[in-house]
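Everything numeric in this text was worked out from a predicted model, so none of it was measured.
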Amino acid sequence: MSHIVIRGLPFATRLRAAQGGAKELLKRDRVRAQKFLAGKSHHAFVAAKAKRYGSTGTDSSIDVTDSGVTYTTQVGVGSPATDYTLLIDTGSSNTWIGADLPYEPTSTSYDTGNTIVSELAAPNTDTVTLGPDLVIQNQGIGVASYAEGFEGVDGILGVGPADLTQGTVSNTTEVPTVTDNLYAQGTISSNSLGISYAPSSTANVSNGELTFGGTDITNLIGKSHSLTENYWGIDQSVSYGTSQTILNTTSGIVDTGTTLLLLATEAFQAYQQATGAVEDSTTGLLTITSQQYAELQSLYFNIGGVTYEFTPNAQIWPRGLNSILGGEEGQIYLIASDLGSSVGSGLDFINGFGWIQRYYTFFDTGNKQLGLATTAYTDADTN
């Protein structure tokens, strides 16, 4: 067996600022962070309203409004398959459909008879097709009869750790994720998922790729780090330049659904002071002048004894996308923002989309590790 790269099914990145601009992105990021801190999976079915396929229960409701950036790919369910556009999410682990396009049961559909006992569940199983060579038998899926917060998508492809599914379905300890089942069924050689991006200054483009079952060796030159918590948690310290530590070693997460780089309040304040940035009243983001940008120093993230440089260009929002923020053309906005909680809260940073797109990220469920590596885009000046 060898790892399989889904080259035929790239994923598209979409920012969901809508009319609220950057302030809405910030709000979504912080709401998401608070749910992580509370130990919840943010894409939540309300148990009292959950309805499984074939039951006579009441409608279910899904809240995905706290995700400021989304990634979508086409996933087939059933045989013959119905194609659904699903959000890829490392912050949740259940796979759901039915938010827009209704579920179409086929000969491979099976109602398990279990019930939803928590906010998330997967009471049905079916054949799920991620690509021509990535077909999963008897994958647990949830079916929504009603959903809110989705915009032109049909549900979620959950690729977070299976721990997040504990207690979500009656008579079931955990619901295996799509990656778990690809590995268990012998389709891939390791229980892992790689995600790579090509930074872009154009909105809503196909600029990502998933690698199931191994690493894409053309991207990976790095090291794996042990996970510290549920979700994809790591320990790191952050320095501004080579001599000023703004965040001592502490715990946080790497999350594809968070838009910005969120730092605990004290670290954010130290960063703001070091850069001389001021808060922009329109966007709520830090902004700097062209002269300050010329003097901006790299951030250095020390993770497991390995230092990852986050260049000045990586620290700024793509200027070609300022209109999405409701910002001014040509203005320079920083992507680091206040997490809204103090150091020591248990979640002191979130390395979100703006950070992840500069590295190859390898989610190794089997070994409970997160791999990071530099790519051709780590030092790019695309912003």
Side-chain angles (χ1 to χ4, degrees), residues 22-38 42 66-69 90-91 225 228-229 231-280 283-288 292-293 296-304 306-317 325 332-359 361 370 372 378 383:
K23 288 185 175 180
E24 187 173 332
L25 286 177
L26 273 169
K27 179 180 179 181
R28 284 173 169 164
D29 278 0
R30 287 170 179 162
V31 168
R32 185 176 172 93
Q34 289 305 308
K35 291 185 178 181
F36 281 137
L37 191 58
H42 62 284
D66 54 315
S67 182
V69 60
T90 60
H225 307 281
T228 59
E229 301 288 345
Y231 308 102
W232 295 105
I234 57 173
D235 288 339
Q236 73 178 20
S237 64
V238 184
S239 298
Y240 179 76
T242 57
S243 59
Q244 182 180 354
T245 299
I246 62 172
L247 183 66
N248 290 315
T249 302
T250 188
S251 297
I253 63 173
V254 176
D255 177 46
T256 58
T258 299
T259 315
L260 304 171
L261 167 64
L262 298 184
L263 300 171
T265 298
E266 294 87 348
F268 170 74
Q269 291 173 343
Y271 176 72
Q272 180 177 3
Q273 183 175 8
T275 60
V278 296
E279 182 178 323
D280 177 65
T283 64
L285 298 178
L286 295 182
T287 183
I288 56 177
Q292 288 172 319
Y293 176 57
L296 192 65
Q297 299 183 53
S298 292
L299 285 170
Y300 293 92
F301 294 76
N302 188 286
I303 304 171
V306 179
T307 299
Y308 298 90
E309 182 178 4
F310 198 58
T311 66
N313 188 261
Q315 295 172 51
I316 69 172
W317 181 263
L325 300 177
I332 301 174
Y333 301 100
L334 299 175
I335 66 167
S337 191
D338 189 352
L339 182 61
S341 56
S342 296
V343 172
S345 67
L347 179 68
D348 292 338
F349 62 85
I350 300 180
N351 297 352
F353 165 70
W355 189 88
I356 297 171
Q357 65 176 341
R358 295 291 177 148
Y359 304 99
T361 312
L370 176 74
L372 296 168
T378 300
N383 293 343

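- Summarising the geometry of E279 relative to Q272, their closest heavy-atom pair is N-NE2, 4.1 Å, with the distance given to 0.1 Å.
- Across all non-hydrogen atoms, the minimal contact from G252 to L347 is CA-CD1, 3.9 Å.
- Checking N351 against R358 by side-chain atom types alone, no donor-acceptor pair falls below 3.5 Å.
- For the atom pair I350 CD1 and L260 CG, the distance stands at 10.0 Å (nearest 0.5 Å).
- At a threshold of 4.5 Å between non-hydrogen side-chain atoms, the residues I246 and L263 count as touching.
- Nearest heavy atom pair, residue T259 against residue D29, reads N-OD1, 2.9 Å.
- Within the 3.5 Å criterion, the main-chain N or O of S237 finds no donor-acceptor partner in the side chain of N302.
- With rounding to the nearest 0.5 angstrom, the OH atom of Y333 is 7.0 Å from the CG atom of L325.
- Note that CD1 of I253 is 11.0 Å distant from CD of Q236, once rounded to the nearest 0.5 Å.
- Between L296 and I288 the shortest side-chain heavy-atom distance falls below 4.5 Å.
- Under 3.5 Å, the side chains of D235 and S251 contain a donor-acceptor pair of N or O atoms.
- Here the closest heavy-atom approach between residue L339 and residue A33 is recorded as CD1-CB, 3.6 Å.
- T287 places a side-chain N or O within 3.5 Å of a backbone atom of I332 that can act as its donor or acceptor partner.
- Scanning both residues, Q292 and T275, for their nearest heavy atoms gives NE2-O, 3.9 Å.
- Rounding to the nearest 0.5 Å places CG of L247 at 7.5 Å from CZ of F349.
- Within a 6.0 Å sphere centred on CD of E309, other residues, nucleotides and ligands contribute more than 12 heavy atoms.
- Using cut-offs of 30° and 60° on the angle between ring planes, the pair F310 and Y359 is parallel.
- Under 3.5 Å, the side chains of D348 and T250 contain a donor-acceptor pair of N or O atoms.
- Y293 and N313 form a side-chain donor-acceptor contact under 3.5 Å, judged by distance and modelled atom types alone.
- Between the side chain of T245 and the main chain of N248, no donor-acceptor pair closer than 3.5 Å is present.
- The shortest non-hydrogen separation linking Y300 to G241 is CD1-O, 3.1 Å.
- Between Q315 and Y271, the side chains place a donor N or O and an acceptor N or O closer than 3.5 Å (distance only, hydrogens not considered).
- Distance CD1/I356 to CG/L372: 9.0 Å, rounded to 0.5 Å.
- Judged as a side-chain hydrogen bond (donor to acceptor under 3.5 Å, both in side chains), the pairs with a partner in residues 260-270 (not counting sequence neighbours) are, in order, T265-D338, E266-S342.
- F268 pairs by the ring-ring contact (aromatic ring centres under 6.0 Å, His included) definition with nothing, not counting sequence neighbours.
- Taken from CG in L26 to OG in S337, the straight-line distance is 4.0 Å, to the nearest 0.5 Å.
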